[in-house]
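A note on names: the letters A, B, ... follow the listed sequences, proteins ahead of strands, and every chain is numbered from 1.
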Number of protein chains: 2
Amino acid sequence: MLHSGENLFWEGERFDSFCTVLDGWLFSYRLFGDGRRQILNLLFPGDVVGSWIGEAVAHCSVQALTPSKLCVLPQLSQMDLATRFPELAIRYGETIHNQLVRSECRVASLGRQSARQRIAHFILDLCCRLNVSHGKPLQAAIPMPLTQEDIADFLGLTNVTVCRILGDFRTENLIRIAGHELQVRDPEQLAEICEYDWLECSSASAEAWI
Amino acid sequence: MLHSGENLFWEGERFDSFCTVLDGWLFSYRLFGDGRRQILNLLFPGDVVGSWIGEAVAHCSVQALTPSKLCVLPQLSQMDLATRFPELAIRYGETIHNQLVRSECRVASLGRQSARQRIAHFILDLCCRLNVSHGKPLQAAIPMPLTQEDIADFLGLTNVTVCRILGDFRTENLIRIAGHELQVRDPEQLAEICEYDWLECSSASAEAWI
DNA sequence: CGAAGAGTTGATCCAAGTCAAACGTTGTGG
DNA sequence: CCACAACGTTTGACTTGGATCAACTCTTCG
């Protein structure tokens, strides 16, 4: 269990465990010397944290965004894992491969898309991961515990820019924001803005690991 | 075998094979509607291309930068792979995990670093992957088949900016460029520029797969 | 109620993009 | 061996998207 704002581990720290998220939202991030922060990834139930091969030193920090439950898997030797639990090894490969695809899509977005495109991309990707993979319609409202500053740090922008563009999207009736929920109203047009091709919709589920 | 400039596969194409690079440099990339290109990853001997679980549709294209040799592994079912060749499954997990770490470091760089920092980061990372992992000193000259435009597309910049900053680095005596070779002359200062922490130096080798 | 955090808005600035021209370098074919 | 074409690099002038700075408002919650 982690409270919101609590860290699972810090960049540079030794972290050999291998966890999966059972419940809650977390994010991994890096801090720079001048205080800038880049959020690397959002972690939802079913995602893995850490490496099964046990990286000596964490390359990023991980923090809980909402109260979160994690399952720490017993640390086996690699060989044990692969030979005694081959289905676990397969699932690990799948999950980490999904994360890699997603990460590379983010590289493309950060490298070559405008602020407007990045934000559209972010919204659609989030809906895909949360709604579509759980069988809900894309337009279903999703919880939004991220502040605008979090979104900015995720997309390599500033909170001011995020605020302005979310405002635009709202007046263009592309999205609706109420309380801490976000709803996509016009996925087609959002997809057109950012050239989203609905490929990136694979996600994980927590049940698979239990 | 692939000639330089030749594509192994294209984004959106079906590609179920699972290859490893034996020789040469390749890169994966995405194109946007207006012709912009983002290079996602550089692939060196020892890296894997594609997924062992066979992604239905490739999320990016892969092109050879230099004449390249690839080893296409026979496509086994996942279970076969994990149970009959557990050491292969482990190696796959390691490699793909390394790629993920590297990709996330790039997200941080693209999201929060200046052009100068990104280029310094790129140079050091390249040297680490090529020299350090092969036991050579960091300062050893490395081949540089990438054009400045390639580097720009890798870092989310323009060729003009890359040209200007490489020029700066040269006059500051941080690097030396001769023909198609690049040599780092002052790794310390480059590391200071981009807050490089030498963590990201794990790499793969081709031999391990044979 | 009051304080702290988050969101909104306007004014200004700058790093990097864009456009354009000139200069090198490489390779090919007459 | 030269010519010239294709491609890459370099440099200068100008533009711009998003950052920065700063004030103000709106929530939330003890």
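At its two ends the helix from C:dC1-D:dG30 to C:dG30-D:dC1 runs along axes set 40° apart, each axis drawn from five pairs and the angle rounded to 10°.
Atom P of nucleotide C:dG5 and atom CD of A:Q148 are separated by 17 Å, given to the nearest angstrom. The separation between A:L146 atom CG and C:dG5 atom C1' is 16 Å, rounded to whole Å. Note: CG (A:D168) to C1' (D:dG17) measures 13 Å, nearest angstrom. Taking atom CG of residue B:L166 and atom P of nucleotide D:dG8, one finds them 16 Å apart after rounding to whole Å. In this structure, CD1 of B:I119 is placed 13 Å from C1' of C:dA15, rounded to the nearest angstrom. Going from atom CE of B:M144 over to atom C1' of C:dT25 covers 18 Å, rounded to whole Å.
Contact annotation: B:R170 side-chain N/O to D:dT9 OP1/OP2 distance is not under 4.0 Å.
Under the 3.5 Å distance criterion, with hydrogens and angles disregarded, no donor-acceptor pair is assigned to the side chains of B:H59 and B:E11. Counted by atom type alone, B:Q63 and B:N7 present one or more donor-acceptor pairs between their side chains at under 3.5 Å.
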With a 3.5 Å cut-off and sequence neighbours excluded, list the donor-acceptor pairs that the side chains of residues 176-183 of chain A form with protein atoms.
none

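Taking 4.0 Å as the cut-off between side-chain N and carboxylate O, A:R102 and A:D125 count as a salt-bridged pair. We find that B:R37 and B:D150 are joined by a salt bridge, their nearest charged nitrogen and carboxylate oxygen being less than 4.0 Å apart. Checked for salt-bridge contact, A:D168 and A:R170 miss the test: no charged N lies under 4.0 Å from a carboxylate O. A salt bridge is absent between A:D153 and A:R36; no separation between the charged side-chain nitrogens and carboxylate oxygens falls under 4.0 Å.
Residues from residues 173-186 of chain B placing a heavy atom under 4.0 Å of any atom in DNA chain C do not occur.
Interatomic distance, OG of B:S109 versus CG of B:L155, reported as 7.0 Å (0.5 Å rounding).
Among residue pairs with one or both ends in residues 142-161 of chain A, those qualifying as ring pair (Phe, Tyr, Trp, His ring centres under 6.0 Å) are A:F122-A:F154; sequence neighbours excluded.
For B:T66, the side-chain contact (heavy atoms from CB on, under 4.5 Å) test picks out B:W25, B:S68, B:P145, with sequence neighbours left out.
Distance alone, capped at 3.5 Å, is enough to place a donor-acceptor pair between the B:D47 side chain and the B:F44 backbone.
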Expected rows: protein N/O vs nucleotides 16-18 of chain C N/O, under 3.5 Å:
| from | atom 1 | to | atom 2 | distance (Å) |
| --- | --- | --- | --- | --- |
| C:dA16 | OP1 | B:A115 | N | 2.7 |
| C:dG17 | OP2 | B:T158 | N | 3.4 |
| C:dG17 | OP2 | B:T158 | OG1 | 3.0 |
| C:dG17 | OP2 | B:T161 | OG1 | 2.4 |
| C:dT18 | OP1 | B:R36 | NH2 | 3.0 |

